[in-house]
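Heavy-atom basis, side chains included; hydrogens, waters and symmetry copies ignored. Being a predicted model, the structure only gives us computed values, none of them experimental.
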Amino acid sequence: MAMISVQSLVKERKYPFIFALAILLVSATIFFLYSNNFQSLTFSLGDLQKSNPTTSKPSQNATISPDTTQNVDDANDNTKSDDSNDSNSSNDHENNNTTITNIDNNDQNNLLIVDLKIKWGACKGPVAVDYIPCLDNFQAIKELKSRRHMEHRERHCPQPSPRCLVPLPNGYKVPVPWPKSRDMIWYDNVPHPKLVEYKKDQHWVIKKGDFLVFPGGGTQFKDGVANYINFIEKTLPSIEWGRHIRVILDVGCGVASFGGYLLDKDVITMSFAPKDEHEAQIQFALERGIPATLSVIGTQKLTFPDNAFDLIHCARCRVHWDADGGKPLMELNRILRPGGFFVWSATPVYRDDERDRNVWNSMVALTKSICWKVVAKTVDSSGIGLVIYQKPLSSSCYEKRQESNPPLCEQQDDKNVPWYVPLSGCLPRLPVDSMGNLVGWPTQWPDRISSKPPSLTTLSDAEEMFIEDTKHWASLVSDVYLDGPAINWSSVRNIMDMNAGYGGFAAALIDLPYWVMNVVPVHMEDTLPIIFDRGLIGIYHDWCESLNTYPRTYDLLHASFLFRNLTQRCDIIDVAVEMDRILRPGGYILVQDTMEMVNKLNSVLRSMQWSTSLYQGQFLVGNKGFWRPK
C-alpha cells in the first residue's frame, strides 16, 4: 500500500484527517514518556532496605492515606523469627516488587507511598504483651553458664531481630493524663497484681476498682516518700534539692515514687531496676509518667557516662556493693560526679545484728579505699536510718592512699562509651579540662540548662556551636513543633529524643509538663556528658537493637537526622518495628531526615496502619493507632 504523505493530504485539503493524526501522535508520545517515568518509580523491598544517605530536596506538606499490607514473619513461641522467612531473603526480593504513587493534597507537594505487600504478625509466647526482645531471649538465658552476677538480667538480643508487633493487653485504654497519673493508672494497661500483694503492707501500690493507686509508700518510706525526701535535705542541707542537686539516679527504684515526688522540687531522677520478680515495677513507673529504665548492675557497665549524676540513691536496693572486689560500688563511683553524694538507706546502717554489722564493716573498708567520706549518718523518727557519702573533689586522696587498691584507671580506659563494656576494677581519674584543671560543678539550676557545660570541649568554636544549637532548637520547637504539626501535645508526657545531640530539643521543652529521655546513639559523637551537665537525663543506645523498656511506654518519639547514618548498618524496617513497640497507641513520632529516609520510613509506618503526614516539606509526623494484627 502506498504511503500517504502529509503534503498530499494538505494539497487535497483533508484537514479532519490531519487533525486526527496529530492527536494520535501526541497521545502516543505522552503514553511512552509516562510509561518510562512510572517504571523508574518502581522498586523492590530490597531497595527499601538499602540506604544511600544523599540529601533530596524536601517537599511541602503531604498527607498519606492508610495502606494495610505488609508481610513480616510471625515470631514463634520463643518470639524468634524464622530465618527461612526473613525479609532479607532472595525470595522476598523477587516476590515483593512494590509500587509507588504520588499524592497531591490541597496544594501540598508530593510524598512517595510504597505498597510493601507484606502481612504483619503479632508477637507470640507467654510474654508477648510485654515483650522486650533483648531481655526476653529465653533461649540465650537458658544457655548461660552462670547467673551469679545477674547475667540473666542483662541484654541478650536475638538475631535476627523479631519482626512481630506486640499485642495490646485486653481492655487497654488511653493512659491517665499527667499529673493525675503520678498517683493512679489504669489496671488494665499494666495488669500485674503480684506487686500489689507482695508489697501490700508497705503501700507501694494498691488496687482500687479499675485503677492502681500509688500512695507514696515504700520499704524505707514509713512516713511517706515526701517526708523521706525532706528528711534527706534536713540531714544534709547542702544537698539543696532543685538548685545544687538536679540529676539523680535511683538504684532499685521500686515503682519510682522517690523520683516521682522529687519532680515537685525541680529534680529529675533516672529510676532504674532490672526486669525481675518485682513484676513490672519499671512499667508502673513509666505508665505513671515518671522517668525510668530497665537496667541491672551485673557484669557490664551501666549505659551512662562518667561523672554524670549529682546524687545516687539506694533504699534497700538489694545490691551487694562489695561483691566481686567491690565492682558494683566502683561502677557507682564512675558515674557519680566529683563532689556528688551517695545516699544509702539500708538495714546495715541502723541495725546491729551480726549480718548487718558484717555488711557495714565491708562498706566502711570499701568506701575508704575509693576515698568516699561520710558526711552524714542519722536515723529518723520511724527508726529508718541512712548514711550519705561524698565522692572526692580532688585527686589528693587517691595519691595519699597507702595501697593503690583499687588502682587508678589508665587514661585510655576513660574514653570508651559504656556499651557492652565489662565492669572495671579500677578507679577513673577525675575529669580535667585541656589545661589540666579539674572540671568543676555545673552552674546551679535552672541557669544550668543554658550555661556552658563543664564537659564541653575547649576548641575555639565549641561554645559558639553550643549556643547556636540551643537557639536553633528553641526556635524550632516554639515556632514549628508546638505550633504546627498535627500533634495533640496535651496527651503527651513521656518523650524520647532518639538522636539527642546536645539535648537542645529537651532543653526547649523544659518549662512544659513533659520529660525527655535523651538517647545518644553509640555510633554518633558522644554528647551525653554535655546533656547531664545541662541538668537533663539520657542513655547510650544502638538503634540496631531493641531498647531496654517495656512496650507502650512513650507518647512521642523524636528523631533528627538519625536514619541516614543508621540504615548503613541495619534495616529501617527493624527500627520501625521497635518504634512501634515502645510507642503508646495514640502516640506520635516527629522525624526530620533526608527525603529518601522519610519516604522509606513512611512506607513502613503506613503498612502498620499508622497515620502519617509531611509538615512543611521536611517533618514526618506519624500517629500510631490501636490496630494490631490478629
Q.
Quick one, M270 with M517, criterion side chain to side chain contact (heavy atoms under 4.5 Å, CB included). Give me CA distance, side-chain angles, the key distance, then yes/no.
A. CA-CA 9 Å; M270 177 76 81; M517 181 71 81; 3.5 Å; yes
Q: Measure up the H313 and F258 rings against each other and bin them: parallel (under 30°), tilted (30 to 60°), perpendicular (over 60°).
A: parallel
Q: Quick one: sort the W321 and F342 rings into parallel, tilted or perpendicular, breaks at 30° and 60°.
A: perpendicular
Q. Is C570 close to W543 at the side-chain level, that is, under 4.5 Å between some pair of heavy atoms?
A. no
Quick check, are the ring centers of [X] and [Y] under 6.0 angstrom apart?
X    : Y    : result
Y187 : F211 : no
W515 : Y554 : yes
W372 : F341 : no
W445 : H244 : no

Under 3.5 Å, is there a donor-acceptor pair linking the side chains of [X] and [Y]?
X    : Y    : answer
Q283 : T553 : no
H192 : D130 : yes
Y514 : N494 : no
N230 : K265 : yes

How many angstroms lie between [atom1] in [X] and [atom2] in [Y], if you round to the nearest 0.5 Å?
X    : Y    : atom1 : atom2 : answer
F532 : L249 : CZ    : CG    : 8.0 Å
F272 : L294 : CZ    : CG    : 10.5 Å
M363 : N358 : CE    : CG    : 14.5 Å

Backbone N or O of [Y] within a donor-acceptor pair of the [X] side chain at under 3.5 Å?
X    : Y    : value
E578 : L547 : yes
R288 : W178 : no
K391 : L336 : yes
D353 : D356 : yes
R401 : K368 : no
R429 : C409 : yes
N137 : H156 : yes
W419 : K301 : no
N307 : I335 : no
H541 : E545 : yes

(Q) Using a strict threshold of under 4.0 Å (side-chain N to carboxylate O), is an ion pair present between R357 and E354? (A) no
Q. Does a side-chain N-to-carboxylate-O contact under 4.0 Å join R448 and D533?
A. no
Q: Can you see which heavy atom on N518 is nearest to which on G503, and at what distance?
A: OD1-CA, 4.0 Å
Q.
Taking less than 2.5 Å as the test, are the sulfur gamma atoms of C157 and C134 close enough?
A. yes
Q: Evaluate the criterion salt bridge (charged side-chain N to carboxylate O under 4.0 Å, His left out) for residue pair R584 and D555; output intermediate values, then yes/no.
A: CA-CA 6 Å; R584 290 169 170 169; D555 302 301; 2.8 Å; yes
Q) S382: what forms a side-chain contact (heavy atoms from CB on, under 4.5 Å) with it, not counting sequence neighbours? A) K222, D223, D380, I384
Q: For A292, check side-chain contact (heavy atoms from CB on, under 4.5 Å) against everything at least two apart and list the hits.
A: S271, I282, A285, L286
Q.
Please evaluate residues E287 and R182 with respect to the criterion salt bridge (charged side-chain N to carboxylate O under 4.0 Å, His left out), reporting the C-alpha separation (whole Å), side-chain torsions for both, the decisive distance (0.1 Å), and the verdict.
A. CA-CA 9 Å; E287 185 73 14; R182 189 193 72 171; over 6 Å; no
Q | H320 atom NE2, neighbour heavy-atom count above 12 within 6.0 Å | A | no
Q) Does NZ in K373 sit with more than 12 non-hydrogen atoms of other residues, nucleotides or ligands closer than 6.0 Å? A) no
Q: Start with the C-alpha gap between K275 and D136, add the side-chain angles, then the distance that decides, and say whether salt bridge (charged side-chain N to carboxylate O under 4.0 Å, His left out) holds.
A: CA-CA 9 Å; K275 186 180 184 184; D136 292 329; 2.7 Å; yes
Q: Might you work through the salt bridge (charged side-chain N to carboxylate O under 4.0 Å, His left out) test for D266 and R243, ending with a clear yes or no?
A: CA-CA 8 Å; D266 242 354; R243 292 280 291 166; over 6 Å; no
